[in-house]
Amino acid sequence: MNRYLGSQGLAGTLPSQLFKLPYLDTLDLTLNYLAGEIPREWGSTKLVNIYLFGNRLTGSIPEEIGNITTLKRLHLGSNQLSGSLPSTLGNLSKLRMLGLSSNNFTGELPVSLGMLTNLTYFQISDNNFEGEIPSFIHTWVNVYTLGIQGSGLGGPIPYEIRFLTNLTDLRISDLNGGASFPFPSLNNLNYLVYLVLRNCNITGELPDYFGGMKSLEILDLCFNKMSGQIPPSLHSLVQLQFKKIFLTGNLLNGSMPDWMLREGTTVDLSYNKFNSLSPDTGCRYQNVNLFASSSLDNNSNLVSCLRNRTCAQVKSRLHINCGGKEETIDGVKFEGEEDTGEPLQFYSSETNWAFSNSGSFLDGYDTDYVARNSSALSMINSTLYETARISPMSLTYYVYCMAIGNYTIRLHFAEIMFTNDKNYSSLGRRIFYVYVQGRRVLKDFNIVNAAGGAGKDYTYSIPVSLTSGILEIQFYWAGKGTTNIPTSGVYGPLISAISVEPDSPSEGRKTSHVGAVVGILVVVAFVIILAPGILWWRGCLGRKNLKIQNFLIGSFTLKQIRAATNNFDISNKIGEGGFGPVYKGILLDGTMIAVKQFSAKSRQGNREFVNEIGLISSLNHPNLVKLHGCCTEADQLLLVYEYMENNSLAQALFGSQECQLNLNWPTRKKICIGIAKGLTFLHEESRLKIVHRDIKGTNVLLDKNLNPKISDFGLAKLDEEENTHISTRIAGTFGYMAPEYATRGYLTEKADVYSFGIVALEIVSGRSNTIHRSKDKCLYLLDWALC
């Protein structure tokens, strides 16, 4: 006997007396409003199928459920169940379906689950489990659906997954733990239709075997750490039938395959490190999303695919009606963005912002990626909330040409896809993350909880200090929340509107006008009232036919810097240069910075301060440290740089034991090549030809990925192209200077090349060039190498 009572609006609790119905084999109570616990008495029934999906059930799964030896299907997803899974579930030898997604289960998966050899469907996404994905899954040789998204489990993905050769739907995402691991071996899984391995800390290159997966329709490998080029074998995959490939947020590099652009394959390559493309390609070419996909892109400069945009007008305000038409609310115009879009969408406004939408709603859900509510909304300014932009995975709003200063971002939310009715339609849970400038500001955010119900508005305010003209706001779905209520595919981030306002009328105008280097530096010099510096700098720039490059530099207040560094607390000191200390700091928006403090009493310090602003602010290269801005208040001369997590190369090689890094040979090679690329840019590729004059290990900084960046341009000089050498005062560090420069002061790019050779020798040999005179009378490393 079957009892189908799904979607009937039933309330109350589950009946405990089902054991009095000996012929009942199927109980279907899906999508109702039932509450309470699962009765222990059910353990004495002969049920074959139990479907309780989409209710309000609480408590834990009773151990007695393991006594129902006839049970083949147990679906408890989208409830509020909690506690650890009972080990008695392993007694259900006939079990084929086990659906536990979107609950609050904790603890490790019991080893007894490995006994469920007849499983065909296993779904535990959106829970709070602990431990790693267990290796006992190799016994589930019949499983065809395996869902472990946002489950709480950590990696790695076990090697044994390769034995699940009947899999058609494999979804694993957002694994806990920071350890990385290589791509799992999946070459035996020839029946896969959906393959999602998102945010799983996977490293290495894309495997070649994807081309042999004839049935694969969705390939989602976003937000991992995969590198290398796209294998040619992937071409044979997309030739079979319409495919969707998502590779967002990796480290893929090399040249973009021509076939991807030529054949209009649906591919998302945003946020990678490919060779730059022609400006004509733009941020989207046919069905390929190329936003922020170039190795030249970073967080503080305009992405290269938008480089044809100019900042003719710097703005200090922004208002967007996400997913809707242009609206004027209380005299404020919200720009519209009615582009409905499609998977891997990129949209660019006519002003100074764009958005990139990654991912695809699966399970047959058809949407235009805009949520709409045709019913009347009761909140004030309801027209702003009648539509909203939604995303199946990641949605980034990218704003450029903004003035430097302090702002307040207001994110306007309203849940318009769920209801407040006392039925299953109100039981959906939309949970996602929000990031601003790469810093997470909201975790496990639930609009309904924040607003006090569906259909109600909620505004979240975020202070942010813009140190460049770029603002990024990202909404990300981490596998949490329900995915099938009220219908299949209702999940992922939802945003109704975005407002960006300066904190005060004067804020947002504290930016340097995009103009000539000469004009900017003269203003800076007058502000700090340094006559010697002015005369020196004007003399430096007084040469005729000098090519000048435009630049944009931020201005910080002393209050901001003191707050960021805890008033220059000694615990935040990370180094000491020739002209003052360097401090670590964190701005209000979470941006990590390094603050270099010059001595305002020293004429030499004044000169280096002005010199460094003039030269480094006009340069932009991945292997040169980025200058965010400066502060010249009171008696302070401060430069604000991007923060380098691994400090200097000298410290990594020769610092104290706790500071030294274990650099393998590939990393040492990468560092050498990176320094060489930075010098090549200074000498040959930059519009300002520059000789650094002080290349050494302490002036090469390492970021979190051990990429080298040349720093400290206080001694740098402009090299005029018509001169073969420049006679100048001797500056630099003895032991790293070319002999002819150290004795005669002849300045050419060869001086930097000689210094780089010494640094490279240090990297390879592991010896410092400042070793003491040895018994072989070798004073410096080069002498030692020749002895």
Side-chain angles (χ1 to χ4, degrees), residues 225-229 249-256 269-277 279 283 290-307 398 400 437-438 467-470 472 549-554 591-594 612 615-629 639-649 652 663 666-690 692 695 697 699-713 716 749 752 756 759-760 763:
K225 302 172 185 176
M226 290 180 295
S227 57
Q229 301 189 36
N250 280 283
L251 302 172
L252 299 173
N253 51 47
S255 300
M256 192 87 60
L269 300 176
S270 58
Y271 292 99
N272 275 284
K273 301 293 181 182
F274 292 103
N275 296 345
S276 58
L277 298 172
C283 297
L290 301 171
F291 178 71
S293 62
S294 170
S295 60
L296 301 179
D297 297 331
N298 58 53
N299 294 331
S300 57
N301 292 293
L302 189 65
V303 292
S304 56
C305 67
L306 288 172
R307 56 178 172 245
Y398 184 84
Y400 51 96
Q437 304 294 73
T467 57
S468 67
I470 307 299
E472 280 191 84
Q549 180 172 335
N550 292 342
F551 73 99
L552 182 67
I553 182 173
T591 301
M592 295 294 296
I593 58 174
E612 194 141 357
L615 293 182
I616 195 172
S617 63
S618 62
L619 302 174
N620 178 31
H621 189 271
N623 295 113
L624 303 182
V625 71
K626 174 68 178 178
L627 176 66
H628 289 321
L639 293 181
V640 181
Y641 297 93
E642 60 179 325
Y643 177 69
M644 297 287 103
E645 289 82 351
N646 283 303
N647 210 293
S648 71
L649 173 62
L663 303 178
T667 301
R668 292 173 189 256
K669 177 182 177 182
K670 178 178 75 170
I671 293 173
C672 287
I673 293 175
I675 300 172
K677 288 181 177 178
L679 288 175
T680 300
F681 176 79
L682 292 174
H683 297 164
E684 301 176 6
E685 299 172 356
S686 170
R687 301 173 81 181
L688 297 176
K689 307 304 180 185
I690 294 172
H692 187 278
I695 296 295
N699 289 339
V700 174
L701 304 182
L702 302 175
D703 67 11
K704 62 182 178 180
N705 296 317
L706 297 176
N707 295 308
K709 300 199 177 189
I710 299 171
S711 69
D712 202 338
F713 284 73
E749 68 276 4
D752 282 348
F756 167 59
V759 173
I763 295 173

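Along the sequence shown, residues are numbered consecutively beginning with 1.
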- side chain to side chain contact (heavy atoms under 4.5 Å, CB included) between N705 and L251: does it pass, once the steps are laid out? CA-CA 11 Å; N705 296 317; L251 302 172; 5.7 Å; no
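Here the closest non-hydrogen pair linking L252 and S227 is CD2-O, 3.7 Å. Taking each heavy atom of L706 and I671 in turn, the nearest pair found is O-CG1, 3.7 Å. Among all heavy-atom pairs drawn from L682 and H692, the shortest one is CD1-CB, 4.5 Å. In terms of heavy atoms, H628 sits closest to I593 at CD2-CG2, 4.0 Å.
D297 contributes a side-chain N or O that, together with a main-chain N or O of S304, makes up a donor-acceptor pair within less than 3.5 Å. A donor-acceptor pair under 3.5 Å is formed between the side chain of K689 and the backbone N or O of E684. A donor-acceptor contact shorter than 3.5 Å is absent between the side chain of N699 and the backbone of D712. Side chain of N272 to backbone of S270: a donor-acceptor contact under 3.5 angstrom is found. Although no hydrogens or angles enter the test, the distance criterion places no donor-acceptor pair under 3.5 Å between the side chain of D703 and the main chain of M644. Between the side chain of R307 and the main chain of L302, no donor-acceptor pair closer than 3.5 Å is present. A donor-acceptor contact shorter than 3.5 Å is absent between the side chain of S648 and the backbone of L701. Checking side-chain atoms of E642 against main-chain N and O of T591 turns up no donor-acceptor pair under 3.5 Å.
Every residue two or more places apart in sequence or in another chain that forms a ring pair (Phe, Tyr, Trp, His ring centres under 6.0 Å) with Y398 is listed here: F291. Partners of N623 under the side chain to side chain contact (heavy atoms under 4.5 Å, CB included) rule, at least two apart in sequence or in another chain, are H621, K677, P708.
The shortest side-chain heavy-atom distance between K626 and S468 does not fall under the 4.5 Å cut-off. For the pair C305/L290, no side-chain contact is recorded, criterion being any heavy-atom separation below 4.5 Å from C-beta on. Within the 4.5 Å cutoff, the side chain of Q229 has heavy atoms near those of the N253 side chain. Residues N275 and M256 are not in side-chain contact: their nearest non-hydrogen atoms beyond the backbone lie 4.5 Å or more apart. Residues S294 and V303 have side chains not in contact (no heavy-atom distance under 4.5 Å, counting atoms from C-beta outward). By the 4.5 Å heavy-atom criterion applied to side chains, V640 and T467 are not counted as neighbours. Between L624 and F713 there is a side-chain heavy-atom pair separated by less than 4.5 Å.
Within the model, atoms CD1 of I710 and CG of D752 stand 8.0 Å from one another, a figure rounded to the nearest 0.5 Å.
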